[in-house]
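To start, the structure itself, in structure tokens.
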Amino acid sequence: MDFYKRLELTGQRIPYGKVATYGQLALLCGKPKNSRQVGYALRRNLAGEQIPAHRIVNASGILSGAGAFETPDMQRMLLKEEGIEVRKTDSGWKVDLKKDGWKNTLSDAVELRGMFDAMGI
DNA sequence: GCACTGACGCGGG
DNA sequence: TCCCGCGCCAGTG
């Protein structure tokens with residue numbers, strides 16, 4: 001089981017204009033408790049270059065990874081370009097998970113599992 | 001093997 | 001809602 005390979009495939013399934021959480025991706029990768037590794041992988045670019053890292057936020061909707069981009073407000077700008085509302089709060093820049101969060105379905109999970117098995121990862 | 005770290009999550013107060 | 005403590009586990013030295 002190659003967690004980072006799985007993360008790469010999973011990340012690419014996040015729809016344009018939507019955001020996903022670390023825990024959500026970890027769950028879809030088959031490792032519910034590896035949310036921290038999701039952040040580690042993105043920071044170190046272990047999940048590929050094309051993965052939409054700007055669409056990944058923590059469980060509160062906070063843009064925790066701003067520091068890993070070229071400029072601190074890059075992530076916020078990219079989300080804005082996709083039509084996602086980003087608000088300034090005391091704890092940082094935040095998105096509305098209820099409105100813009102990716103509501104992945106059971107079939108998404110099943111489909112991913114199928115891909116993992118087929119690729120032996 | 002050991003201790004520490006970290007783009008995190010969750011329950012309790 | 002916010003803050004705190006604890007749990008979690010791959011990487012790193």
Side-chain angles (χ1 to χ4, degrees):
Chain A
M1 122 91 77
D2 188 328
F3 184 73
Y4 300 128
K5 287 280 191 191
R6 289 187 171 196
L7 183 60
E8 181 173 3
L9 291 178
T10 307
Q12 289 171 4
R13 289 184 65 87
I14 304 174
Y16 179 94
K18 294 290 179 185
V19 295
T21 68
Y22 299 91
Q24 182 178 20
L25 293 179
L27 179 63
L28 287 171
C29 287
K31 292 284 189 177
K33 299 172 183 174
N34 279 32
S35 51
R36 306 196 74 136
Q37 274 58 246
V38 175
Y40 175 82
L42 295 176
R43 189 184 53 171
R44 297 286 299 274
N45 264 309
L46 300 178
E49 293 286 341
Q50 3 57 334
I51 189 169
H54 62 284
R55 295 186 196 137
I56 304 175
V57 300
N58 69 23
S60 306
I62 301 290
L63 278 55
S64 324
F69 291 85
E70 296 267 335
T71 63
D73 52 9
M74 182 62 70
Q75 182 175 19
R76 175 169 57 84
M77 298 304 272
L78 289 170
L79 291 175
K80 199 179 177 69
E81 299 250 336
E82 299 189 1
I84 298 176
E85 179 184 8
V86 186
R87 305 178 129 287
K88 173 70 170 174
T89 71
D90 293 335
S91 32
W93 293 98
K94 181 195 239 175
V95 299
D96 185 351
L97 287 175
K98 285 186 177 297
K99 181 165 69 70
D100 298 314
W102 176 34
K103 297 157 194 67
N104 65 289
T105 63
L106 181 59
S107 61
D108 284 320
V110 173
E111 200 171 320
L112 281 166
R113 283 304 287 271
M115 293 173 67
F116 299 156
D117 290 343
M119 297 177 71
I121 61 176

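In what follows, every heavy atom counts, from backbone to side chain, and hydrogens, waters and symmetry copies are set aside. Just so it is clear, the model here is predicted, and its values are computed rather than measured. Lettering follows sequence order; numbering is per chain, from 1.
Remark: S64(A) is in phosphate contact with dC8(B), judged by side-chain N or O atoms under 4.0 Å from OP1 or OP2. For dG11(C), one of the phosphate oxygens OP1 or OP2 lies less than 4.0 angstrom from a side-chain nitrogen or oxygen of Y4(A).
As a whole-Å value, the separation of N34(A) CG from dG6(B) C1' is 13 Å. Atom CZ in R76(A) sits about 17 Å away from atom C1' in dA7(B), given to the nearest Å. When the P atom of dA10(C) is taken as reference, atom CG of D2(A) falls 13 Å away, rounded to whole Å. Straight-line distance from the OH atom of Y22(A) to the P atom of dC8(B): 5 Å, rounded to whole Å. We find that CZ of R87(A) is positioned 11 Å from P of dT1(C), with the value rounded to whole Å. Spacing between atom CG of L78(A) and atom C1' of dA7(B) amounts to 15 Å, rounded to whole angstrom units. Between the P atom of dA7(B) and the CG atom of L7(A) lies a distance of 15 Å, rounded to the nearest Å. Going from atom CG of L97(A) over to atom P of dT1(C) covers 11 Å, rounded to whole Å.
Within the structure, the side chain to side chain donor-acceptor pair (under 3.5 Å) test picks out the following pairs touching residues 16-28 of chain A (sequence neighbours left out): Q24(A)-N104(A).
With respect to H54(A), the side chain to side chain donor-acceptor pair (under 3.5 Å) criterion is satisfied by exactly one of E81(A), Q75(A), E82(A): E82(A). Exactly one of M77(A), R76(A), M74(A) qualifies for a side chain to side chain contact (heavy atoms under 4.5 Å, CB included) with F69(A). That residue is M74(A).
Comparing atom distances between the Y40(A) side chain and each of dC8(C), dA7(B), dG11(C) picks out dG11(C) as nearest.
A heavy-atom distance below 4.5 Å is not found between the side chains of T10(A) and D108(A). Side-chain contact check for L7(A) versus L28(A): every heavy-atom pair is 4.5 Å or farther apart.
Across A53(A) and L42(A), no two heavy atoms sit closer than the pair CB-CD2, 4.3 Å.
With both ends at atom P, the span from dG13(C) to dA7(B) equals 15 Å, rounded to whole Å.
Under the side-chain contact (heavy atoms from CB on, under 4.5 Å) criterion, Q50(A) pairs with E8(A), Q12(A), sequence neighbours left out.
For a distance-only test at 3.5 Å, the side chain of Q37(A) fails to qualify as a donor-acceptor partner of the base of dG11(C).
Contacts of residues 43-59 of chain A with DNA chain B (heavy atom under 4.0 Å): R43(A), A53(A), I56(A), N58(A), A59(A).
If K94(A) and S35(A) are placed on DNA chain C by their nearest nucleotide, the residue sitting closer to the 5' end is K94(A).
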